Number of protein chains: 2
Amino acid sequence: MESLREVGYRLTPQRMLIIAIIHDSKGHVTAEDVHTRVTEQYPFVDISTVYRTLQLLKKLHLVNETDLGGGRVEYELAQEARHHHLVCRRCGATSPLDDEMIDPLRARLLEKHGFRADMEHFAIFGVCRTCADKGQKG
Amino acid sequence: MESLREVGYRLTPQRMLIIAIIHDSKGHVTAEDVHTRVTEQYPFVDISTVYRTLQLLKKLHLVNETDLGGGRVEYELAQEARHHHLVCRRCGATSPLDDEMIDPLRARLLEKHGFRADMEHFAIFGVCRTCADKGQKG
DNA sequence: GTAGTTATTGCAAGTCGTTGCAATTGCATC
DNA sequence: GATGCAATTGCAACGACTTGCAATAACTAC
């Protein structure tokens with residue numbers, strides 16, 4: 001919580017609230033979610049402040065941002081091990097993916113292209129095992 | 001051009017124009033680009049029609065859609081070999097990436113997770129060789 | 001060629017997210 | 001604890017893109 005100040009940013013009540021809410025949330029939250037919960041406690045926080053704070057936290061690698069395809073971007077705390085998400089485009093289910101799975105790709109990109117890929121928090125779309133077993137096409 | 005009709009969609013002048021423009025474009029175009037060029041020839045086409053047509057062409061795998069991070073999505077003809085893009089977050093340069101590079105990842109996802117990943121047209125962000133050589137951090 | 005059906009269009013309004021700017025406020029200095 | 005100043009906020013306007021809906025028009029069947 002004090003980490004913001006340590007890196008030279010101001011610690012405002014809005015930011016404290018937003019950070020606290022993300023901390024208390026299990027899994028992903030949207031900006032809308034955060035805004036709703038912030039205004040429950042402190043009604044005059046603008047949604048743009050939520051977005052700006054989320055961007056800041058992302059820049060500081062305190063939260064991860066992922067587009068899981070639901071029309072709005074989702075955020076989660078970046079405390080855990082680096083990971084990614086498999087998103088089924090049939091049923092919408094998401095499952096986590098260890099970063100190790102894409103490490104070889106990262107290595108190959110560096111080796112062959114001299115490109116240092118971030119791939120911080122990826123959403124990989126496709127069809128999950130369950131859905132593939134049910135239907136056949138696609 | 002007739003392919004739309006063959007799959008059961010109507011061939012309207014708007015669609016013909018939009019398809020022709022994408023065909024004539026080298027590389028990526030934005031919806032805005034397409035709309036501008038369409039209205040040069042036929043002034044009353046709405047931007048929503050452009051978006052809807054682009055979505056349709058994407059669904060039929062006639063165009064690829066990629067978010068290269070410039071605040072607007074880019075489209076290109078899906079005629080060429082399947083490929084992806086490396087996008088440098090320092091200088092903004094993009095370079096194409098063979099699909100073979102990510103094929104092993106696709107294989108591993110199927111093997112370990114039973115997940116059939118699309119990864120149709122990826123944008124991978126990071127730092128390119130040139131920029132990595134110049135600055136050090138990041 | 002006409003009539004009927006339904007996909008497609010244009011328009012206007014709506015969505016999520018960003019941004020310019022003046023007013024405010026955190027924080028460092030006195 | 002008052003002062004100064006830049007970072008931060010709220011607001012309103014804007015950006016890209018989507019969507020509901022009535023009017024239009026492409027295709028089919030006659």
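Naming convention: chains lettered A, B, ... in sequence-line order (proteins, then strands); numbering from 1 in each chain. What you see is a predicted model, and the numbers here were worked out from it, not measured in a lab.
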For atom CG of A/Asp46 and atom C1' of D/dA13, their distance in whole Å: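 Result: 12 Å.
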For B/Leu56 and D/dT19, give me the distance from atom CG to atom C1', rounded to whole Å. 16 Å
Report the residue (B/Ala31 or A/Ile47) whose heavy-atom-nearest nucleotide on DNA chain D is the more 5′ of the two.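 The residue closer to the strand's 5' end, by nearest nucleotide, is A/Ile47.
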Rounded distance in Å - CD (A/Glu6) to C1' (C/dC27): 15 Å
For B/His35 and D/dT18, what is the distance between atoms NE2 and P respectively, to the nearest whole Å?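 For the pair B/His35 NE2 and D/dT18 P, the rounded distance is 15 Å.
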I need the full list of ring-ring contact (aromatic ring centres under 6.0 Å, His included) pairs touching residues 100-123 of chain B, with sequence neighbours left out, sorted by first then second residue. A/Phe122-B/Phe122, B/His83-B/His121, B/His85-B/His121
Qualifying residues under side-chain contact (heavy atoms from CB on, under 4.5 Å), relative to A/Ser48, sequence neighbours excluded: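 side-chain contact (heavy atoms from CB on, under 4.5 Å) list for A/Ser48, sorted by chain: A/Asp46, A/Arg52.
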Which atom pair, heavy atoms only, marks the closest approach of A/Asp118 to B/Gly126?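 Of all heavy-atom pairs spanning A/Asp118 and B/Gly126, the closest is OD1-CA, 3.7 Å.
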Show me the pairs that pass ring-ring contact (aromatic ring centres under 6.0 Å, His included) and involve residues 45-79 of chain B, at least two apart or across chains.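 Every candidate ring-ring contact (aromatic ring centres under 6.0 Å, His included) pair involving residues 45-79 of chain B fails, so no pair, neighbours aside, qualifies.
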Would you call A/Glu65 and A/Leu54 a side-chain contact if the rule is heavy atoms closer than 4.5 Å?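 SC-SC contact between A/Glu65 and A/Leu54 ruled out.
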Check which hydrophobic residues are tied to A/Val87 through side-chain heavy-atom contacts below 4.5 Å, counting indirect links as well, and list them. A/Leu68, A/Phe125
Output the rounded distance in Å from CG (A/Leu4) to C1' (D/dT9).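 It is 15 Å, rounded to the nearest whole Å.
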Nucleotide by nucleotide, 5' to 3', does protein get under 4.0 Å of the base (B), only the sugar-phosphate (S), or neither (-) in nucleotides 20-30 of chain D, counting heavy atoms? B----BBS---
Out of C/dT18, C/dG10, D/dT8, whichever nucleotide has its closest atom nearest the side chain of A/Arg15: D/dT8
I need the CG-C1' distance between A/Leu54 and D/dT9, as an integer number of Å. 16 Å
Quick one, which residues of residues 62-71 of chain A touch DNA chain C with a heavy atom under 4.0 Å?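 Residues of residues 62-71 of chain A under 4.0 Å from DNA chain C: A/Gly71.
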Take atom OH of B/Tyr51 and atom P of C/dT9, then tell me their distance rounded to the nearest Å. 16 Å
Name all residues meeting the side-chain contact (heavy atoms from CB on, under 4.5 Å) criterion together with B/Ser25; count only those two or more places apart in sequence or in a different chain, and write none if there are none.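 Only B/Ile21, B/Val29, B/Arg37 meet the side-chain contact (heavy atoms from CB on, under 4.5 Å) criterion with B/Ser25.
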Please table the atom pairs, donor to acceptor, closer than 3.5 Å between any side-chain atom in residues 100-109 of chain B and protein atoms at least two apart or in another chain.
from: B/Asp103; atom 1: OD1; to: B/Arg106; atom 2: NH1; distance (Å): 2.6
from: B/Arg106; atom 1: NH1; to: B/Asp99; atom 2: OD2; distance (Å): 3.1
from: B/Arg106; atom 1: NH2; to: B/Asp99; atom 2: OD1; distance (Å): 2.9
from: B/Arg106; atom 1: NH2; to: B/Met119; atom 2: O; distance (Å): 3.2
from: B/Arg108; atom 1: NH1; to: A/Met101; atom 2: O; distance (Å): 2.3

Over how many whole Å does the gap from B/Lys59 atom NZ to C/dT8 atom P extend?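 Rounded to the whole Å, the gap is 9 Å.
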Taking side-chain hydrogen bond (donor to acceptor under 3.5 Å, both in side chains) as the test, write out the residues that go with A/Tyr42, two or more places apart.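 By the side-chain hydrogen bond (donor to acceptor under 3.5 Å, both in side chains) rule, A/Tyr42 matches no residue at all.
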What nucleotide, of C/dT18, C/dG10, D/dG10, holds the atom closest to the side chain of A/Gln55? C/dT18
